[in-house]
Amino acid sequence: MRVPVKFLGFVFWLFFFNCVRCQAKQRSCRDLSVENGLIHSHPSNEEEIFYTCKTGYKPFTGNWWDSVTCSKGSWSEEPRCIREEECGAFPSVHHGKLKQSPRDRGTAEVECDPGFISTQRFITCIRGTWEKPVCEVGVSCNIPPKVEYAFITSKPEELYAHGSSVTYVCQNSLLMNGKSTVFCRNGTWEETPTCEAKCQKPHKNFITLLKEKEEYDNKEVLRYKCIEPYNEIPEGEWICENGEWNGTFVCRGKICPPPPYVENGDYTASKMDGSEITEVYYTCQPHYVLNMKQRYYKCEKGKWETPPKCLKPCEITPEIFEVHNVEPIREKFYLPHGKTSERYCKYYYSEGRWNRRFITLTCSDGKLTIPPCQ
Ligand SMILES: *[C@@H]1O[C@H](CO)[C@@H](O)[C@H](O)[C@H]1NC(C)=O
Ligand SMILES: *[C@@H]1O[C@H](CO)[C@@H](O)[C@H](O)[C@H]1NC(C)=O
């Protein structure tokens, strides 16, 4: 029973060995030849080929000889001989890599890893050798600069690594000038944007603008002249600061004098400009009446509108009635301007009976008209 087991083991080994060999055979790489080069392989290891190049040539990988290996039926790379003055494979870059420039085979772009920076953005091939770029740690930036009327759409951090970015947004949809996203470049933030708003034309009736415009740009200066009689300070200027006018319009002068005096009347201020009364309405003393419908009177350019008058009432005394034969009264009274008073005259005897007339008294600005009673 022992022999057959040994035999089986031998058969199994034979099969296994042959199979590995047959697989290796099946998976061997195609034969290689290198233009302008020479190859060498050791008979015991056909899976590795060494090659070198003819005078004036060099392997693409940059050394004076190189090797390629066969794995799973294909060569690790194509052995290539290039001319000495050409640059072949890129050198390795610590903390970065190189990218072929699409336009120029003789230059390559340096791409450093995040947080690293290179002194050169491109390297060139100089007489068959690539320049050696260095990716060094980029300097971090401090907190990004403050932009007036803006905020940043990320949490503030103590340090910002080289290459990181922040994004600015203007408040109240103000207009942004410049790029909203800025990057930290080796310790320095790129130029930040600004938030600008235009200023609207001011509406003041005591100034004229030297250059009439509906809108003014940020930082634009508006020059104005004060209108007579407010031109004690003849002109001034405002600065448009982010949508608002910086300063106050100063126009002073022979501003409104006190409202005109109206005999037997008084005024009530209805509008003020600072301590200045600029609009009033008038009322009259008792029994006096305005000569026109009540309205507001304005002071414009330092001048008041012609004020109304208070028209006098008529004073009617018992004596006056006595003289005019009007039915007597005990106490005096006032008949306001424009009003009438209906009265009886005293009785008189005529044509065999007692009669009395009916009269209407009128008053016009203190002048009483009494129709005759006889
Ligand atoms: C980065 O900044 C450091 C310190 O300011 C400086 O020495 C270095 O040259 C800078 N690197 C680049 C690529 O500008
Ligand atoms: C307003 O104008 C004055 C005078 O020109 C200037 O000193 C000041 O900084 C301005 N104010 C603002 C908020 O810009």
Side-chain angles (χ1 to χ4, degrees), residues 10 12-140 161-165 183-187:
F10 172 74
F12 181 76
W13 176 83
L14 201 68
F15 173 80
F16 184 76
F17 176 79
N18 275 311
C19 193
V20 168
R21 266 180 71 100
C22 81
Q23 281 219 335
K25 262 273 185 306
Q26 271 174 9
R27 290 189 171 200
S28 69
C29 295
R30 65 193 160 79
D31 288 342
L32 276 183
S33 68
V34 185
E35 208 177 329
N36 300 314
L38 304 156
I39 58 173
H40 166 81
S41 66
H42 204 269
S44 69
N45 183 8
E46 286 175 357
E47 268 84 58
E48 186 163 28
I49 279 176
F50 298 90
Y51 72 100
T52 183
C53 301
K54 289 182 187 166
T55 311
Y57 292 85
K58 63 184 180 189
F60 179 79
T61 48
N63 301 308
W64 68 267
W65 90 99
D66 216 327
S67 72
V68 291
T69 53
C70 173
S71 166
K72 290 177 185 167
S74 55
W75 294 106
S76 56
E77 63 196 290
E78 192 74 23
R80 253 205 305 158
C81 284
I82 56 169
R83 296 153 68 90
E84 284 282 7
E85 64 271 23
E86 285 181 317
C87 280
F90 291 140
S92 66
V93 182
H94 212 49
H95 302 301
K97 58 179 190 287
L98 291 162
K99 223 176 87 185
Q100 180 64 57
S101 151
R103 268 161 292 135
D104 183 0
R105 288 209 59 78
T107 65
E109 197 177 343
V110 184
E111 275 187 0
C112 293
D113 292 343
F116 289 83
I117 186 169
S118 167
T119 44
Q120 291 166 277
R121 252 198 85 194
F122 295 96
I123 55 162
T124 54
C125 171
I126 298 168
R127 285 188 298 280
T129 311
W130 285 112
E131 289 177 291
K132 194 96 177 110
V134 175
C135 282
E136 58 189 22
V137 180
V139 181
S140 294
H162 159 79
S164 60
S165 65
F183 287 85
C184 165
R185 299 268 183 234
N186 198 29

Before giving the answer on side-chain contact (heavy atoms from CB on, under 4.5 Å), spell out for Glu131 and Phe122 the whole-Å C-alpha distance, their side-chain angles and the decisive distance to 0.1 Å. CA-CA 9 Å; Glu131 289 177 291; Phe122 295 96; over 6 Å; no
Output for pair (Glu84 CD, Arg127 CZ), nearest 0.5 Å, gives 13.0 Å
Looking at side-chain heavy atoms only, is the closest gap between Glu77 and Thr61 below 4.5 Å? yes
Phe60 and Tyr51 have their tightest heavy-atom pair at N-OH, 4.4 Å
Closest approach of Ser28 and Cys70, non-hydrogen atoms and distance? C-SG, 4.2 Å
The reported gap from CD in Glu86 to SG in Cys81 (rounded to nearest 0.5 angstrom) is 11.5 Å
Check whether any side-chain heavy atom of Leu98 lies under 4.5 Å from a side-chain heavy atom of Pro133, and answer yes or no. yes
What heavy-atom pair brings Ser140 and Cys184 nearest, and what distance separates the two atoms? C-SG, 4.1 Å
Step by step, would you call Asp113 with Cys135 a side-chain contact (heavy atoms from CB on, under 4.5 Å)? CA-CA 8 Å; Asp113 292 343; Cys135 282; over 6 Å; no
Step through the shown structure and confirm whether more than 12 heavy atoms of other residues, nucleotides or ligands are within 6.0 Å of NZ on Lys132. yes
Determine whether Pro79 and Asp66 make a side-chain contact, defined as any pair of heavy atoms from C-beta on separated by less than 4.5 Å. no
Do side-chain atoms of Ser118 reach the backbone of Gln120 as a donor and acceptor pair under 3.5 angstrom? yes
Is a side-chain donor or acceptor of Asp104 paired with a backbone partner of Gly106 at a separation under 3.5 angstrom? yes
Please check if the side chain of Asn186 supplies one atom and the backbone of Gly138 the other of a donor-acceptor pair under 3.5 Å. no
Distance-only donor-acceptor pairs under 3.5 Å for side chains of residues 31-43, two or more places apart:
{"residue": "His42", "atom": "ND1", "partner": "Ser44", "partner atom": "N", "Å": "3.3"}
{"residue": "His42", "atom": "ND1", "partner": "Ser44", "partner atom": "OG", "Å": "2.9"}

Smallest separation among heavy atoms of Cys53 and Pro59, with atom names: SG-N, 3.3 Å
For the residue pair Glu47 and Thr69, establish whether any side-chain heavy-atom pair is separated by less than 4.5 Å. no
Can a donor-acceptor pair be found, under 3.5 Å and without considering hydrogens, that links the side chain of Glu111 to the backbone of Lys97? no
Between Arg80 and Glu78, is there a side-chain N and carboxylate O pair less than 4.0 Å apart? no
What I'd like to find out is whether the side chain of Phe90 reaches to under 4.5 Å of the side chain of Lys99, using heavy atoms alone. no
Heavy-atom pair of closest approach, residues Gly163 and Phe183: O-CD2, 3.4 Å
Donor-acceptor pair, distance only, cut-off 3.5 Å: does the side chain of Ser76 make one with the backbone of Ser71? no
Looking only at atom types and distance, does a side-chain atom of Trp130 sit under 3.5 Å from a main-chain N or O of Gly88, one as donor and one as acceptor? yes
Count the heavy atoms of every other residue, nucleotide or ligand shown that sit under 6.0 Å from CZ of Arg185, and state whether that count exceeds 12. yes
With distance as the sole test, does Lys58 use its side chain to make a donor-acceptor pair with the main-chain N or O of Trp64 at under 3.5 Å? no
Salt bridge check, Arg103 against Glu109: does any charged N sit closer than 4.0 Å to a carboxylate O? no
